[in-house]
Amino acid sequence: MKTGLLLSGGMDSLSIAWWKRPDVAFTVNYGQKAAQAEREASAAVCTRLGIEHQVLTADCSPLGSGDMAHGEADAAAPSSDWWPYRNQLLVTLVAMRAITMGVHTLWIGSVKSDGNHKDGTPRFVELLNSLIAFQEGSLQIQAPAIEMSTTELIRASGIPSHVLAWAHSCHKADVPCSNCRGCNKYFQTYLELGHDLDRSGQSHATA
Ligand SMILES: [Zn+2]
């Protein structure tokens with residue numbers, strides 16, 4: 001009986017890795033622009049914690065548009081970045097590997113602010129969990145931080161600031177662009193945490 005985590009290398013999933021210490025973490029390169037940086041951030045925390053790290057590659061870039069994809073924003077897109085059904089795609093890809101490894105609980109890194117999109121809501125997690133558990137081996141999908149803000153999660157996880165600084169949040173590139181929704185969330189979170197952060201992405205604890 002093992003636990004697994006979908007690890008994107010962002011602040012939320014990095015904090016959950018620190019908090020929950022899964023047996024295995026899964027990072028998916030689905031063709032997003034920042035795949036390499038996300039993989040490196042994920043690998044770093046897995047090495048630090050002794051977590052087995054699995055990297056899955058499935059190029060879905062022709063199916064995405066906007067910030068994280070290699071194409072222009074779609075005119076019909078509801079936001080600056082759009083990969084329809086991405087979260088269920090990623091959970092399904094990881095579940096396909098996880099179930100063969102004996103994982104019984106798969107954690108995903110959704111937090112409260114992800115509820116702006118349907119695929120970040122508690123209802124979505126409940127529906128996806130029902131479907132996946134119904135299909136194979138009673139694999140459970142859980143989002144342990146879905147009622148927390150990113151700041152609350154970071155504090156609850158106890159992740160040290162120098163490890164949190166490994167997080168890669170930029171949607172557009174391997175080197176933070178400082179001007180996308182992912183970068184903005186990164187800076188906003190550091191402000192809330194009481195750290196000052198220069199725009200090169202280096203963090204400096206002030207407390
Ligand atoms: Zn960015």
Side-chain angles (χ1 to χ4, degrees), residues 5-18 25-46 55-87 89-90 108-117 119-120 145 148-154 157 159-206:
L5 170 68
L6 219 87
L7 183 61
S8 71
M11 294 177 127
D12 299 328
S13 61
L14 228 55
S15 298
I16 292 177
W18 193 270
F26 302 90
T27 301
V28 185
N29 176 350
Y30 55 93
Q32 75 276 37
K33 282 182 185 170
Q36 186 185 338
E38 292 182 10
R39 191 175 66 240
E40 287 169 1
S42 300
V45 78
C46 287
V55 178
L56 309 181
T57 301
D59 184 9
C60 300
S61 53
L63 303 172
S65 66
D67 289 353
M68 294 174 81
H70 293 267
E72 292 298 304
D74 189 296
S79 68
S80 60
D81 176 62
W82 196 35
W83 301 65
Y85 310 107
R86 172 176 46 200
N87 280 1
L89 169 80
L90 298 181
I108 61 174
S110 306
V111 293
K112 200 182 259 177
S113 59
D114 295 324
N116 297 333
H117 302 285
D119 65 2
M148 298 174 171
S149 69
T150 293
T151 306
E152 288 167 343
L153 166 61
I154 289 167
S157 73
I159 188 171
S161 58
H162 73 276
V163 175
L164 185 65
W166 298 343
H168 185 80
S169 303
C170 183
H171 290 175
K172 292 187 174 178
D174 288 327
V175 176
C177 76
S178 302
N179 189 31
C180 70
R181 287 190 303 129
C183 286
N184 290 341
K185 173 178 167 173
Y186 185 84
F187 296 126
Q188 181 60 39
T189 301
Y190 265 94
L191 279 177
E192 288 174 20
L193 286 168
H195 290 241
D196 87 54
L197 186 78
D198 67 45
R199 289 258 154 175
S200 68
Q202 298 296 309
S203 67
H204 308 283
T206 53

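Counting convention: from 1, in listed order, for ligands and their atoms alike. What's counted below: heavy atoms across the whole structure, side chains too, no hydrogens, waters or symmetry copies.
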Quick one: does any side-chain atom of Asn87 pair with a main-chain N or O of Asp119 as donor and acceptor, under 3.5 Å? yes
Residues Ser8, Ser13; criterion side chain to side chain donor-acceptor pair (under 3.5 Å); working and verdict: CA-CA 6 Å; Ser8 71; Ser13 61; 3.3 Å; yes
Below 4.5 Å, heavy atoms only, C-beta onward: do [X] and [Y] meet side chain to side chain?
X	Y	answer
Val163	Trp18	yes
Tyr190	Lys185	no
Pro84	Leu63	no

Ala37: side-chain contact (heavy atoms from CB on, under 4.5 Å) partners, not counting sequence neighbours: His168, Asp174
For the Zn ion (ligand 1): protein N/O/S atoms at distances below 2.8 Å: 4
